*Asks:* 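The structure is given below, and queries will be raised subsequently.
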Amino acid sequence: MTTHTHGYAAHAAGSALAPFSFERRDPGAKDVAIDILFCGVCHSDLHTARGEWPGTMYPCVPGHEIVGKVTAVGSDVTKFAVGDIAGVGCMVGSCGHCASCDGGEEQYCETTGFVGTYNGPDPVMGGHTLGGYSDHIVVDEGFVLKVTHDEGDLAAVAPLLCAGITTYSPLRHWNVGPGQKVAIVGLGGLGHMGVKIAAAMGAEVHVISTSAGKRDDAIQLGAAGLIVSRDADQMAEHAGTFDFILNTVAAPHDLDALLTLLKRDGTMTLVGVPAEPHPSPSVGLLVFGRKAIAGSLIGGISETQEMLDFCKQHGLTADIEMIRMDEIETAYERMVKSDVRYRFVIDMATMTA
Ligand code: NAP
Ligand code: ZN
């Protein structure tokens with residue numbers, strides 16, 4: 001009992017994504033079947049499809065910023081009905097009974113690890129999970145989110161499912177709010193959502209960027225200003241002034257230059273996961289000022305729902321550039337060049353059979 005599904009897959013680290021057909025399970029008792037309307041394009045998709053991170057299983061169908069329409073529900077499903085608009089993010093399963101899962105932090109599942117929407121072990125079909133660059137998906141209702149934004153906003157809601165929650169979760173965890181000066185490093189998909197969300201939380205937000213040309217956009221997104229990271233004078237002006245830094249950069253870079261911007265007791269949280277390590281940060285910079293470097297992984301399912309509701313309440317969606325499915329490789333090339341304003345979203349109506 002399966003449903004024929006059309007997607008786009010990479011077949012090897014060096015091969016371009018190309019049309020690929022495969023079977024999805026039909027919904028079990030707790031499953032929700034979704035026709036995918038839009039899927040955002042995350043830099044993690046590129047890292048995975050191109051084998052930049054270890055462990056990619058091919059064929060690889062990326063995509064974990066999914067919004068679609070529910071087409072069927074299993075007999076035990078209570079939260080969704082046919083016709084609902086639903087979202088799926090980076091996870092489609094976890095063990096469900098460890099301390100992290102019990103605490104609503106399924107992304108930190110301590111026994112099996114979370115099941116990724118793609119490139120995870122598929123517990124039902126066997127093999128590995130295949131993601132949202134496809135026209136249809138079936139997901140346990142515990143990992144499906146309710147989307148209440150207006151129908152016209154749905155393409156711009158898709159990126160909230162990864163870029164939104166990955167920035168919202170650390171901003172909440174480190175209690176960002178009014179009276180604080182916060183930096184967002186890297187103005188890409190994650191970074192632009194970080195600016196919007198931190199500003200909506202009431203913080204004074206500054207973007208730290210390699211791209212001076214993004215200054216007007218940064219201000220439009222809600223930042224007080226943009227600091228060019230390669231300009232030592234601009235960086236020096238802000239030394240010792242930030243309460244919190246959220247670093248979204250997808251490439252190795254000098255962390256010390258950023259640590260000098262933190263106040264005493266400040267934290268820089270890394271969410272970017274470059275393929276190669278950063279140059280080692282200076283211990284002295286951490287010790288003199290009791291500063292911290294931390295990391296953060298997406299966010300739990302209940303927190304993802306909270307983030308969607310927060311964004312709805314504050315009128316926040318992503319700034320997107322819609323692409324056709326067959327434009328994905330061009331989108332990846334532009335992403336590598338930091339030329340994304342500020343999230344590509346695939347219109348799944350352009351998926352050809
Ligand atoms: P993106 O749209 O490509 O944005 C990354 C930004 O980083 C670029 O736009 C650029 O901004 C900056 N940048 C790129 N190369 C740089 C360099 N060499 N030095 C300094 N800055 C550079 O990527 P994304 O989708 O936001 O993802 C960002 C990273 O987060 C990726 O590594 C991704 O895998 C990771 N990620 C992590 C999680 C998690 O749970 N922790 C979730 C999703 C994604 P400027 O032009 O402003 O400099
Ligand atoms: Zn992502």
Side-chain angles (χ1 to χ4, degrees), residues 39-50 52-53 56 62-66 87-91 105-108 114 116-119 131-133 158-171 173 183-195 206-218 221 223 226-231 235 245-255 257-258 269-279 294-300 303-304 307 318-321 331-345:
C39 185
V41 178
C42 179
H43 208 115
S44 303
D45 301 350
L46 185 160
H47 289 310
T48 307
R50 294 190 169 178
E52 293 180 358
W53 290 337
T56 302
H64 58 206
E65 293 186 338
I66 297 165
V88 178
C90 304
M91 300 184 280
E105 304 267 25
E106 300 88 351
Q107 72 279 28
Y108 301 117
F114 73 85
T117 303
Y118 59 83
N119 207 47
Y133 295 5
L160 302 183
L161 275 304
C162 174
I165 184 59
T166 302
T167 49
Y168 181 87
S169 182
L171 291 168
H173 184 79
I184 306 290
V185 190
L187 196 60
L190 267 54
H192 96 290
M193 285 313 308
V195 172
H206 295 256
V207 170
I208 301 179
S209 175
T210 58
S211 312
K214 292 181 180 175
R215 186 182 306 276
D216 290 348
D217 289 352
L221 291 163
L226 180 142
I227 304 159
V228 178
S229 53
R230 289 168 178 157
D231 182 327
M235 292 287 275
I245 299 177
L246 182 62
N247 187 334
T248 76
V249 172
H253 60 284
D254 175 19
L255 300 180
L258 298 165
T269 297
L270 308 177
V271 291
V273 187
E276 302 297 329
H278 296 294
S296 183
L297 178 65
I298 45 177
E303 193 176 39
T304 305
M307 174 278 307
D319 287 18
I320 64 162
E321 195 174 324
Y332 279 3
E333 286 315 310
R334 286 185 50 196
M335 193 180 251
V336 168
K337 294 184 201 138
S338 303
D339 178 24
V340 186
R341 311 225 168 182
Y342 278 90
R343 197 57 139 185
F344 293 114
V345 172

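For ligands, and for the atoms within them, numbers begin at 1 and follow the listed sequence. Treat the numbers as computed from the prediction; the structure is a model and nothing was measured.
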*Asks:* Sort out the contact shell of ligand 1: every protein residue with a heavy-atom distance below 4.0 Å, listed by chain and number.
*Replies:*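 Around ligand 1, where the cutoff is 4.0 Å for heavy atoms, the contacting residues are Cys42, His43, Ser44, His47, Trp53, Cys162, Thr166, Gly186, Leu187, Gly188, Gly189, Leu190, Ser209, Thr210, Ser211, Lys214, Thr248, Val249, Ala250, Ala251, Val271, Gly272, Val273, Ser296, Leu297, Ile298, Met335, Ser338, Arg343.
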*Asks:* How close do Gly299 and Thr304 get, heavy atom to heavy atom, and via which atoms?
*Replies:*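 Closest pair (atom of Gly299, atom of Thr304, distance): O-OG1, 3.8 Å.
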*Asks:* I'd like to check the ring pair (Phe, Tyr, Trp, His ring centres under 6.0 Å) partners of His47; sequence neighbours left out, ordered by chain and number.
*Replies:*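 Counting only residues at least two positions away or on another chain, His47 forms a ring pair (Phe, Tyr, Trp, His ring centres under 6.0 Å) with His43, Trp53.
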*Asks:* Ignoring hydrogens and geometry, is there a side-chain-to-backbone donor-acceptor pair from Thr167 to Gly164 under 3.5 Å?
*Replies:*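 Yes.
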*Asks:* Once you round to the nearest 0.5 Å, how far does CD of Gln107 lie from CD of Glu303?
*Replies:*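 Interatomic distance, Gln107 CD to Glu303 CD, rounded to 0.5 Å: 7.5 Å.
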*Asks:* Just to verify, which of Asp216, Asp217, Asp319 counts as forming a salt bridge (Lys or Arg N to Asp or Glu O under 4.0 Å) with Arg341?
*Replies:*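 Of the listed residues Asp216, Asp217, Asp319, the salt bridge (Lys or Arg N to Asp or Glu O under 4.0 Å) partner of Arg341 is Asp217.
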*Asks:* Atom OG in Ser211, atom CZ in Arg230: separation rounded to 0.5 Å?
*Replies:*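 Nearest 0.5 Å value for the OG-CZ distance: 7.5 Å.
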*Asks:* Atom NE2 of His253 and atom CG of Asn247: how far apart are they, to the nearest 0.5 Å?
*Replies:*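 Answer rounded to 0.5 Å: 3.5 Å.
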*Asks:* What are the protein N, O or S atoms, given as residue plus atom name, that sit under 2.8 Å from the Zn ion (ligand 2)?
*Replies:*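 Only Cys42 SG, His64 NE2, Cys162 SG fall inside 2.8 Å of the Zn ion (ligand 2).
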*Asks:* Got a sec, which residues hit ring pair (Phe, Tyr, Trp, His ring centres under 6.0 Å) with Tyr342, two or more places apart in sequence or on another chain?
*Replies:*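 Checked Tyr342 against ring pair (Phe, Tyr, Trp, His ring centres under 6.0 Å); matches are His192.
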*Asks:* Would you check, one step at a time, whether the test side-chain hydrogen bond (donor to acceptor under 3.5 Å, both in side chains) holds for Asp45 with Tyr332?
*Replies:* CA-CA 9 Å; Asp45 301 350; Tyr332 279 3; 4.7 Å; no
